[in-house]
Amino acid sequence: MGLLTYLTKSSSTLKPTALLRHVRVMSNVPENTVYGGPKPQNPHQRVTLAHLKQKHKKGDPITVVTAYDYPSAVHLDTAGIDVCLVGDSASMVVHGHDTTLPISLDEMLVHCRAVARGAKRPLLVGDLPFGTYESSSNQAVDTAVRILKEGGMDAIKLEGGSLSRITAAKAIVEAGIAVMGHVGLTPQAISVLGGFRPQGKNIASAVKVVETALALQEAGCFSVVLECVPAPVAAAATSALKIPTIGIGAGPFCSGQVLVYHDLLGMMQHPHHAKVTPKFCKQYAHVGDVINKALVEYKEEVANGSFPGPAHSPYKISETEINGFMSELQKLGLDKAAASTAAAAEKIKMSVSSNGPAND
């Protein structure tokens, strides 16, 4: 049965959200090619809003990681992370911009789709990029719908707590889409904030953080990110809310924590990334050092001719076929190519004799 026919028949019995998730599960089934592929995940183990509510009720911390592509999503899946946030911080981390503002909705959708193919267990949340939801509630709902339908996300996140943002959040929720709020330092508002500055450091600002979080809860948000606020302020907001708070640079008293994949792994030592890596981030590894070492070693082995050796030249051709091939080359007047073939075959034969046969 063709995929289109199958989906057409399925759509009559599945709700739109269920159909979307069904497609996501199918997308992770690898084909039988020369490349390996991930094993299909069990869709029944996927994290839902109900699971997050249960964890919050029990007081179990919620784990969130921001990731932007298929390989990192697979890592999150394997590690059992609760929520994967496809953040507009991709603008800085992946695209090399100094702020989150330049990234477009179409670019965000590419990141969302890649993550959706790799992460089958976590709840997937996609950021609404700057300029795609501020004009009206209709624009906000339209953008949120695209994040789910075209990006394969389960929910969206939007920044800020102004009246227009609260109204947008409420409209999106009423449209049937789960919303995560974001208060404190909101990177999309750096023009107003005067840069990447922590919030809640005085009485008025601290009260505003709590009041904004409460307004987002009232609008129907299932969770709120608290970014770059003092720990006591985050504790107050967490206590005041009935929904989970996710802290990033907000101390240990939130309902969960979020860090960026590249930051927590210590992946990049480039001056640009050092400039945009926040000081609150703990590096659990120094993967960037390992990457740099591997690349230098690869470069050296290619330069000195030791890579690829017999172990990494797995595809064989029999001596009879080689002789026939050289004969055909000579008929074509490609004597030099035939000589190169003979020399390569002899070199491989000698290498195998000295090192032992490679695995077929």
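Counting from 1, the numbers follow the sequence of the chain as shown.
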- Message: Test of understanding: with side chain to side chain donor-acceptor pair (under 3.5 Å), list the residues that count as partners of Ser164, not counting sequence neighbours.
- Response: Ser162
- Query: Got a second to check how far Asp289's CG is from Ile291's CD1, nearest 0.5 Å?
  - Reply: 9.5 Å
- Item | Between CD on residue Gln257 and CD1 on residue Ile246, distance to nearest 0.5 Å | 8.0 Å
- Query: Has the side chain of Thr341 got a donor or acceptor atom that lies under 3.5 Å from a matching backbone atom of Met326?
  - Reply: no
- Message: Below 30° counts as parallel, above 60° as perpendicular, anything between as tilted: where do the rings of His111 and His95 land?
- Response: perpendicular
- Message: Can a donor-acceptor pair be found, under 3.5 Å and without considering hydrogens, that links the side chain of Ser313 to the backbone of Gly309?
- Response: yes
- Step through the shown structure and confirm whether more than 12 heavy atoms of other residues, nucleotides or ligands are within 6.0 Å of CZ on Phe280. yes
- Query: More than 12 heavy atoms of other residues, nucleotides or ligands under 6.0 Å from CD of Gln330: is that the case?
  - Reply: yes
- Item | Same apolar cluster (I L V M F W Y, side chains within < 4.5 Å links), Leu226/Leu85 | no
- Would a distance-only check, ignoring hydrogens and angles, find a side-chain to backbone donor-acceptor pair under 3.5 Å from Gln217 to Ile243? yes
- Query: Under 6.0 Å from the NZ atom of Lys208, do we count more than 12 heavy atoms belonging to anything else shown?
  - Reply: no
- May I ask you to decide if Ser306's main-chain N or O and Asn304's side chain share a donor-acceptor pair within less than 3.5 Å? yes
- Cluster question for you: counting only ILVMFWY and a side-chain heavy-atom cut-off of under 4.5 Å, with indirect links fine, are Ile172 and Leu148 together? yes
- Return the set of residues passing side chain to side chain contact (heavy atoms under 4.5 Å, CB included) with Ala79 (not counting sequence neighbours), or none when no residue passes. Ile81
- Query: Between Ser72 (side chain) and Asp69 (backbone), is there a donor-acceptor pair under 3.5 Å?
  - Reply: yes
- salt_bridge(Asp106, Arg146) N-O dist < 4.0 Å: yes
- Okay, side chain of Glu346, backbone of Ala342: is any donor-acceptor separation there less than 3.5 Å? no
- Message: Please find the pair of heavy atoms, one from Leu128 and one from Tyr133, that lie closest to each other, and give the distance.
- Response: O-CE2, 3.4 Å
- Message: Testing the basics here: between Ala231 and Pro252, what is the closest heavy-atom pair and its distance to 0.1 Å?
- Response: CB-CD, 4.2 Å
- Query: Does Leu332 CG have over 12 foreign heavy atoms under 6.0 Å away?
  - Reply: yes
- Task: Report the distance from atom OG of Ser255 to atom CG of Leu241, rounding to the nearest 0.5 Å.
- Result: 8.0 Å
- Message: Check Lys157 with Asp127, please: is the shortest side-chain N to carboxylate O separation under 4.0 Å?
- Response: yes
- To the nearest 0.5 Å, tell me how far Thr212 OG1 sits from His182 NE2. 11.5 Å
- Looking only at heavy atoms, which two atoms of Tyr68 and Val115 are closest? And how far apart? C-CG2, 3.6 Å
- Any chance the side chains of Asn202 and Ser205 put a donor and an acceptor closer than 3.5 Å? no
- Determine the minimum heavy-atom distance between Ala250 and Ala234, stating which atoms define it. O-CB, 3.2 Å
- Message: Testing the basics here: between Val233 and Val210, what is the closest heavy-atom pair and its distance to 0.1 Å?
- Response: O-CG2, 4.3 Å
- Query: Out of curiosity, does Val110 fall in the hydrophobic cluster containing Leu124 (side-chain heavy atoms, cut-off under 4.5 Å, transitive links)?
  - Reply: no
- What heavy-atom pair brings Ala178 and Asp154 nearest, and what distance separates the two atoms? CB-O, 4.3 Å
- Query: Are side-chain N/O atoms of Thr238 and Thr245 paired as donor and acceptor at under 3.5 Å?
  - Reply: yes
